[in-house]
Amino acid sequence: MLLVSGCGGTSDGAQTAAPSTTSAIAASASTETWDPCTIPDEAIEAAGLAVETKKATLIGERPISPDWSTCFWLNPLPDTWYTLGIFSSAFSLDYLREGGPFEQFTPVDGFDGLRFQRKIKYDEVSCGIAFGRDRGVIYFMLDGFASAEPLEDPCVEVERVARSLRPFLPSSR
């Protein structure tokens with residue numbers, strides 16, 4: 001399974017946004033995954049992401065996979081250089097390490113996340129942070145735009161965003 005991230009759907013040339021939510025952690029059935037779009041808009045804004053760019057799917061209305069819940073944002077204008085996706089699944093962190101399109105999982109000092117890279121290298125920069133939890137895995141993936149110069153090291157930026165939003169994620173193991 002190939003996972004890519006993108007964001008910022010448009011409608012008549014304007015960015016579209018999903019409705020605001022008030023619950024950080026949605027109650028879900030055991031067969032459902034946690035929905036990252038339930039992170040409060042205030043927390044997203046405080047993390048430095050553009051709330052108005054929130055999108056639950058990568059392209060159109062279809063999810064990337066029925067096994068994953070996703071949400072995507074852009075960093076704010078005028079210097080938009082990346083999209084950030086948060087992915088949630090009942091798959092384990094071990095599944096992500098062993099069967100996913102990622103590699104180089106390393107602990108992050110003073111943080112319960114693991115930093116990782118894509119196995120396949122593209123022209124744009126990218127970096128991710130993953131968290132194991134009782135009912136699966138949650139990961140953040142920052143993908144830079146090939147047409148934009150990165151304004152920060154992507155691993156530093158995704159870690160900054162993940163640290164800011166960590167209190168709004170379901171508990172880790």
Side-chain angles (χ1 to χ4, degrees), residues 1-21 24 33-89 91 96 100-105 108 111 113-131 137-166 168-169:
M1 169 173 62
L2 174 65
L3 296 175
V4 295
S5 62
C7 189
T10 59
S11 176
D12 298 327
Q15 291 286 339
T16 57
S20 177
T21 58
T33 59
W34 170 75
D35 180 2
C37 284
T38 61
I39 297 172
D41 289 346
E42 297 78 19
I44 294 297
E45 186 172 41
L49 300 172
V51 171
E52 66 278 7
T53 65
K54 178 166 70 173
K55 189 165 173 56
T57 58
L58 185 60
I59 300 172
E61 299 296 318
R62 297 186 60 133
I64 289 173
S65 163
D67 298 322
W68 292 89
S69 291
T70 59
C71 205
F72 304 92
W73 295 268
L74 297 173
N75 68 302
L77 295 172
D79 296 318
T80 299
W81 65 275
Y82 70 83
T83 183
L84 182 113
I86 301 178
F87 299 75
S88 172
S89 177
F91 290 120
L96 195 65
F102 308 117
E103 63 184 2
Q104 299 175 6
F105 285 83
V108 178
F111 197 43
L114 293 175
R115 181 180 298 126
F116 62 90
Q117 297 288 323
R118 290 188 187 282
K119 289 179 183 174
I120 298 172
K121 305 301 183 208
Y122 298 102
D123 289 340
E124 68 272 4
V125 297
S126 67
C127 193
I129 299 278
F131 302 94
V137 65
I138 295 170
Y139 73 89
F140 290 64
M141 191 73 214
L142 181 149
D143 286 304
F145 300 124
S147 62
E149 187 68 29
L151 300 179
E152 179 70 66
D153 177 305
C155 291
V156 170
E157 181 67 3
V158 74
E159 182 180 333
R160 184 194 64 74
V161 172
R163 284 182 185 274
S164 178
L165 295 177
R166 183 68 184 97
F168 301 95
L169 306 183

Value for CG (Leu49) from CD (Glu52), rounded to nearest 0.5 Å, stands at 10.0 Å

Leu96 versus Trp68, closest heavy-atom pair with distance = CD1-CH2, 4.2 Å

Between Arg115 and Val108, what is the shortest heavy-atom contact and its length?
-> N-CG2, 3.8 Å

Ignoring hydrogens and geometry, is there a side-chain-to-backbone donor-acceptor pair from Asp143 to Thr83 under 3.5 Å?
-> no

Criterion side-chain contact (heavy atoms from CB on, under 4.5 Å) on Thr33 and Phe91, from CA distance to verdict | CA-CA 10 Å; Thr33 59; Phe91 290 120; over 6 Å; no

Any side-chain heavy atom of Leu151 within less than 4.5 Å of one from Glu157?
-> no

Nearest heavy-atom contact between Pro36 and Trp73 is O-CH2, 3.8 Å

Measure centre to centre between the rings of Phe116 and Phe140, then say whether the value is under 6.0 Å.
-> no

Please round to the nearest 0.5 Å and tell me the distance separating atom CD of Glu103 and atom CD1 of Ile120.
-> 10.0 Å

Close side-chain approach of Val158 and Tyr139, heavy atoms under 4.5 Å = no

In terms of heavy-atom contacts, Pro76 and Ala50 come closest through CA-CB, 4.0 Å

Side chain Asn75, main chain Trp81, donor-acceptor under 3.5 Å | yes

Could you tell me whether the side chain of Thr53 reaches within less than 4.5 Å of the side chain of Thr80, counting heavy atoms only?
-> no

Hey, mind stepping through Gln117 and Phe102 against side-chain contact (heavy atoms from CB on, under 4.5 Å) and telling me if it holds?
-> CA-CA 6 Å; Gln117 297 288 323; Phe102 308 117; over 6 Å; no

Please round to the nearest 0.5 Å and tell me the distance separating atom CD of Glu159 and atom CG of Asp153.
-> 10.0 Å

Using atom types as modelled and distance alone, determine if a side-chain donor or acceptor of Asp41 lies under 3.5 Å from a backbone N or O of Glu45.
-> no

Minimum heavy-atom distance Cys37-Thr70, with the two atoms named | SG-O, 3.7 Å

Taking Ser88 for its side chain and Trp34 for its backbone only, find out whether a donor-acceptor pair lies under 3.5 Å.
-> yes

Nearest-0.5 Å distance, CE of residue Met141 to CD1 of residue Ile86 | 13.0 Å

Rounded distance [0.5 Å steps], CD1 in Ile138 versus CZ in Phe87 | 12.5 Å

Validation row: Cys71, Lys55 side chains within 4.5 angstrom (heavy atoms) = no

Kindly indicate whether the side chain of Val161, heavy atoms from C-beta on, has any atom under 4.5 Å from the side chain of Leu142.
-> no

Criterion side-chain contact (heavy atoms from CB on, under 4.5 Å) on Lys54 and Ile44, from CA distance to verdict = CA-CA 9 Å; Lys54 178 166 70 173; Ile44 294 297; 6.0 Å; no

Audit row: Glu152, Tyr82, side-chain contact (heavy atoms from CB on, under 4.5 Å) steps and yes/no | CA-CA 10 Å; Glu152 179 70 66; Tyr82 70 83; over 6 Å; no

Under the 3.5 angstrom rule, does the side chain of Arg160 hit a backbone N or O of Ala47 as a donor-acceptor pair?
-> yes

